[in-house]
Structures are given as C-alpha cells and as structure tokens.
Amino acid sequence: MALLSITVDGVALSVDSEQRPTHIFAENKEIVVCTINGELKDLWTDLKDGDVVTGISISSPQGLSVLRHSTAHVMAQAVQSVFADTKLGIGPPITDGFYYDFDPQKPFNPDDLEKIESAMRKIVKEGQRFKRRVTTEKDARIELSAEPYKCELIGLKSGEGDEASVEVGGAELTIYDNLGRDGKPVWSDLCRGPHLPSTKHIPAFKLMRSAGAYWRGSEKNPMLQRIYGTAWPSQDELNAYLELLAEAEKRDHRRLGTELDLFSFPEEIGSGLAVFHPKGGIVRRAMEDYSRKRHEDEGYEFVYSPHITKAALFETSGHLDWYSEGMYPPMILDEEHHADGTIKRAGQQYYMKPMNCPFHNLIYRSRQRSYRELPLRLFEFGTVYRYEKSGVLHGITRARGFTQDDAHIYCTKEQMPGELDSLLTFVLNLLRDYGLNDFYLELSTRNPEKSVGEDSEWVEATEALRLAATKQNLELVLDEGGAAFYGPKISVQAKDAIGRTWQMSTIQVDFQLPQRFELEYVANDSTRQRPVMIHRALFGSIERFFGVLTEHYSGAFPPWLAPVQAIGIPVADSFTDYLDGVMKAMRAAGIRVDLDTSDDRMQKKVRNAQLQKIPFMVIAGEEDQSAGAVSFRYRNGEQKNGIPIAEAIAEIQKAVQERIQV
RNA sequence: GCCUCCCUAGCUCAGUGGUAGAGCGACGCACUUGUAAUGCGUAGGUCGUCAGUUCAAUCCUGACGGGGGGCUCCA
C-alpha cells in the first residue's frame, strides 16, 4: 500500500493512499469539509502526495455555507419525491439559510412545506452520502433532459458572480449523486459543490416560507416558486435564530404603531400613505425639533417649497425622462375641449414632487450668487410623493408619501473635501444622538457605462468622499460601480439593537443638476463658475427613520422621544389629588406627564404603563405623601422610593436633556 | 408590477352554505388596595367592497380595495 506525504492543519503526516480527508478528520465531528491546497473540497476527495489539507468546521462561515447548500439539496430531493414533475431551478446558501427555486405543477402551500420537511427529515436520517461526479456538457444535457432550467445553466457555465455559479461555477462540470444505503444513487443534481460528507451531517434545519421568485432574477423571466429554509450546526443555534425572528416580529414598527397608538394607514387614504396620531406626532416632532436645532447650529438655512409643480421643472431636472414611472401621474389643469371632445386648448401638467432638489436649485438661482455666500446649505423637511410599486410598500419604512430631511449644499470645488468631511462627522454624530452607535460606511463608485461627467470630476469627488470616510475610523465597504449616474455617494449603514443593518444617511455628489439648472456663482476673479452640489439626507425619510428607531428601541423610546415621559400612579384613589399636584409641577417643568385616574387597581396601572413603555412611573401612596415625596418605577422593573419631588423632577429633566436611555 | 397567503367587534383571533363568538379594550356599577391583569354587568359586527352561483353566501366563484411574505424596483 502506497504512502502519501501530506500536511494536515499545518502538520506533516504520512497516510496510506486509500485515506481521504473524511477518514483523517473522523475524530472531529465538527469538520464537514476541507480545503486542499487552498481550494474548498469535499471530505471524500482523493488525496495526492504533497497535498495541504485544512479541516473546515461546520460553524465557520464556509462550513455554514456548505451546510446550508447541502440542506438545499436535501430539500430539492424531498420536493421531487413529494411532488413528482417539479423542475429544479437553483438552490444556493444565503445569510442564515438557503433557498431552492422550483417550477412545480402547483405553487406550494404551508401544508406542502410540512410534507417536504418531513421528507427531508427522512433523507437526513438515511445518511445519504454526497458523491461528486465529473461529467461533460454533452452527457449532462442528456442526463438532465427533463430539467430545462438546469440545461439552461449548463450553457452559462462560465458565468461568474451570480447565484447560478453555485451550480455550475467550477472549472469542471459536476453532478452530485446522493447515495442510498445500498450505495446506489437515489437522487442527483447538477452542482459545483462541495457538500457535507452525508445528509446525516445536517444537525438542525427548518423550512421557513415559500414565495415567488423570477427565474434568474429577471422580471422578464417566468416566475418560479422559491422555498426558503434555515440550517444551523445545532438545535440550540436554530432555536436562537428562531427566537431572534420572534423578537424582530415583536418590535415590528407596524405592530408597535398600532399598539402604542403612533400612526395608521387608513384604507380610505390609500396604500402607503400614513397618518400620525398624537403620540406618534410627539415622537416625530421631538425628532424634527432636535434635527432642526442641530442643522441651525451647523449653518443650514431653512427653506420651504410647494408639493406640486408644473412639468417643466422636472423636465429641466431630467426626472421626467428617467423616473416618470415612479411619479404620480400629472394633474391636467385648465384644459379646454371642443364639443366633440378634441382639445381646444392644451392644459398645464402639474406633478406631485418626488424630490426637493429642483426647488432648491431654483432658490439658488433666484439671484446672482457670490463665492462669498458659499457653501450655501439649504435645508427643508420636504414631503415628497413617489408612486412606489404596490409590492414594495412596507409600513412606514417604504411609503408613497414621506418627508425627507433634505438638504443641498452648494459649494466650490475647493470647498468640497472639507464640506464632505464635516458633513460626514455631523451626520454620524447626529445619528448617535438618536441612539444609533454601530455603523459602517459604503462608498459607491462610478459605473463607466452609466454615468455623466468628466473623469477628473469623478476621481476628485470619489477621493474626497473616500478621504472623509477613512477619517471616521469606521469599516468602509466599496460598492464598485454602484453610484447613481450623476455622481458618487457615501451611505451610512447602521446596526440596530438586534443587529440588523439599515441604510440610513446618504451623501451624494451631483455633477448633473448644476449643469442642467445652469447654476453659477461669481468667483473672486469675477469669472462665473459652476458650484458643486451635494445632496444629503440624514434620516432619508423621517417616517422611515421613525420606523427604524421604533424597532431599534422596541417602542421603549428614550425619555426625550417618549410620547409620555412620566405617568402618575396613585396607590389608591385617595392619593390622586396629591399626585395631581406633583404632575402639575412636572408639567410646569416641561415634562410630558399623564395621570392614571382610572378605576383600575394600582397593579393594573403599573402593567398598563409597562405595556405603553412609559419611561418613568411616578407612584405615590401614604408613605410618599407624608414625606412630600414620590416613588419611581422604571421600565426595567427597578424602583426607587421616597424621592423628594424636586429631585424626581430633576432626574427626569436630566434624562430628557441628556437624551439618555433609561 | 409579478407569485402566494390573508381581510370576522377598537385590538388579537375562533367559527359556520340557513345572516356570528371569545379574550383584551370601551362604558357602567361595586370594591379602595404599595410595584405586570379585582369582580359583576352593558354596549359594540350590513363578517373589506361590488358582482355572480344558490331557495339561501360571512363561507363558493370573479373583479376591485387593503394588508402579510417574497421577487423585481428603490432618483
């Protein structure tokens, strides 16, 4: 028997030539796949002399991907066993799980998912081995003649980067056979691999939902049925993941919006159009007031513009050419008709504004501008209307009418780097004030095929953005070619309390609009120059930011944002008058208070206040009254008794002023 | 826009081809209580809208409106 000299996890070993990684790592159940000479391979791969083998744990990022990809295969096998005549699409791993696209006779329903899941459990229990087999394009086409989508993929073998590469992206065209107990293939799928050694290595999985999805991601293609699933190295990790989802559902802003009486979407108004109730109104106003104050401090000037405009403005800006399908259709005014219905006099078209920048440009252009005025920073809480496709609406975070905290900065080329730098610092600090602390930045650069402007302009602006970003000491992710056609941008991504990422602020350089609006300033040498224009929004939309904060805080807003900052709860009715006096003093001190004078027992009042997530419960009974004091109960259940009234007021005021969470 | 599921009281949800029920909430009465639900009672619904099938529709079918989950999109 021949011996091979190989390196395993950095240690030189001699093994006999029959040995494969699965034998070498047999002791360590965590190892489910390996790299051989740097390439990710099955544990069943044949070894050669000199190979460098490294075991990959199921819990590592690569291991998780393989686990999830293999689980997708098991699901596909189960689907075809339960629903014969189902054609296969693709089935890659994704964050936290996997999906597989199918073309079934009938779309799946929730009962089907249960059937599929139990078929999967059977396959997992059988411990089918995943066996790699190299094939040729010709043979594969014959073998997969019943799988039209797979055949389409074979032709795309060289395709890189898209999800289909999981199937056919490797150097060789390969098929994975699942071997039954007798060692014979029970199911096969065109796939690049690698896979777990066997289906028995899938510790914990669950099917989540089915959904429609366009074949290969294009709406021009037929729609397939996608099933999403999740898979984890242990049942505990699966449970933790499911708990996270349950937690996310509990803090869903749409649910909290109803529970806390913040806002609603009356059907009568229309899809994607919200009304804010008094309590939501308080939160929103607190958000706006603080933002306004900070912008004032930062040298912004406040402007206002109308909600509708004649078409010409959006012709100048170009929006009617590019985005008219995203705009509400025009109102036609003053049109006159002949008796036969033909047009006697053409009307004027007015549009709802989908953005504010053209208006701000008109303000800039309303008179001659001097270099001494720059940078000119125009700010507006501008309400815009966009005809979003019905399927994309999502509560208050993706609506058809919303208000941007929109500003446009006009500056000289020389001022741009400094302006971007201070702007980014301002943005991040403001977001921190609202309680978001975990950020990364994304720099979107030019797509040469779809962009306007000079190379030198792009380079200059992109470098200025990059420099500003680098200074923040935050992770910077490059979004190559992801810029809008008119200029590069930085976006701030923020992580919320349960680790979800939200795209927040954007800072965008625009080479297009100053030109289209012929914006100019008079430079110190009397020449006319074109200013640089920077678009920026911190919240993006106030409504969306409201929704994000609601989910981030799970409705338990910090005192400065809370609709009711303190609620008075008498131990019994006889203390209501005393507490009313305390509440009046608090109100006079600028605190938003409520007094619970209902018939409920004190315990019930505490419960209600707790469910309303009110930061301070101010409780008073005999002991407090005789001491001229109150007792606090906080949202976390802690309490503090016998606080003199003045101290109680000071404590609340301090929390509000310092915008701390309690 | 596309696929799919859903719409019953203010909220959360049961239920049936013969015009409906619970819990919470609201309102009333009694009770007067020190940190997450006191008891009793009352009111509240043309079962999203409009058509169709049927002797009969909240239930079946269709269209429309609104919503959920995805896909595509997101200036």
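Within every chain, numbering begins at 1; the chains are lettered A, B, ... in the order of the sequence lines, protein sequences first and strands thereafter.
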>> Within the 4.0 Å heavy-atom criterion, would you say A:Gly318 contacts the bases, only the backbone, or no part of the nucleic acid?
In response: nothing
> Counting only non-hydrogen atoms, which of residues 565-576 of chain A are less than 4.0 Å from RNA chain B?
Replying inline: A:Val571, A:Asp573
> Base, sugar-phosphate, or nothing: which does A:Arg386 touch, judged by heavy atoms less than 4.0 Å apart?
Replying inline: base
> What's the CG-P distance between A:Asn608 and B:rU35, to the nearest Å?
Replying inline: 16 Å
> Got a donor-acceptor contact below 3.5 angstrom from the A:Glu543 side chain to the A:Ile396 backbone?
Replying inline: no
>> Using whole Å, what does the distance between atom C1' of nucleotide B:rC2 and atom CD of A:Glu325 come to?
In response: 16 Å
> Where does RNA chain B form stems of at least three consecutive Watson-Crick or G-U wobble pairs, each pair having both distances below 3.5 Å?
Replying inline: B:1-7 with B:65-71, B:10-13 with B:21-24, B:26-30 with B:38-42, B:48-52 with B:60-64
>> Please enumerate all residues that pass salt bridge (Lys or Arg N to Asp or Glu O under 4.0 Å) together with A:Arg500, with sequence neighbours excluded.
In response: A:Asp496, A:Glu551
>> Need one value for A:Glu623: base, sugar-phosphate or nothing, where a base atom within 4.0 Å counts as base even if backbone is also close, heavy atoms only.
In response: base
> Checking side-chain hydrogen bond (donor to acceptor under 3.5 Å, both in side chains) for the pair A:Gln225/A:Asp101: CA distance, chi angles, key distance, verdict?
Replying inline: CA-CA 6 Å; A:Gln225 296 300 314; A:Asp101 287 342; over 6 Å; no
>> If the condition is side-chain hydrogen bond (donor to acceptor under 3.5 Å, both in side chains), which residues does A:Asp261 pass it with, not counting sequence neighbours?
In response: A:His277
>> Run the side-chain hydrogen bond (donor to acceptor under 3.5 Å, both in side chains) test against A:Glu457 and tell me which residues pass, sequence neighbours left out.
In response: none
> Relative to each other, are the rings of A:Phe616 and A:Phe632 parallel, tilted or perpendicular (30° and 60° limits)?
Replying inline: tilted
> Under 4.0 angstrom, heavy atoms only, what part of the nucleic acid is A:Gly642 near: base, sugar-phosphate, or nothing?
Replying inline: nothing
>> Just to be sure I understand the rule, does A:Asp600 reach a base, reach only the sugar-phosphate, or reach nothing, if contact means heavy atoms closer than 4.0 Å?
In response: nothing
> Which is true for A:Ser218 with a 4.0 Å heavy-atom rule: it touches a base, it touches only sugar-phosphate, or it touches nothing?
Replying inline: nothing
>> Within the 4.5 Å heavy-atom criterion, are A:Ile227 and A:Val79 side-chain neighbours or not?
In response: yes
> Are more than 12 heavy atoms from other residues, nucleotides or ligands located less than 6.0 Å from atom NZ of A:Lys495?
Replying inline: no
> Hey, does A:Asn641 reach any base, or is it just sugar-phosphate, or nothing, if we go heavy atoms under 4.0 Å?
Replying inline: base
> Quick one: are A:His319 and A:Met355 in side-chain contact, heavy atoms under 4.5 Å?
Replying inline: yes
>> Would you say that more than 12 heavy atoms from the other residues, nucleotides or ligands in this model lie under 6.0 Å from the OH of A:Tyr387, or not?
In response: no
>> Does the protein touch nucleotides 4-9 of chain B at the base, only the backbone, or not at all? Give it as B, S and - per nucleotide, heavy atoms under 4.0 Å.
In response: S-----
> Looking across every strand, which nucleic acid part, if any, lies under 4.0 Å from A:Phe485 by heavy atom: base, sugar-phosphate, or nothing?
Replying inline: nothing
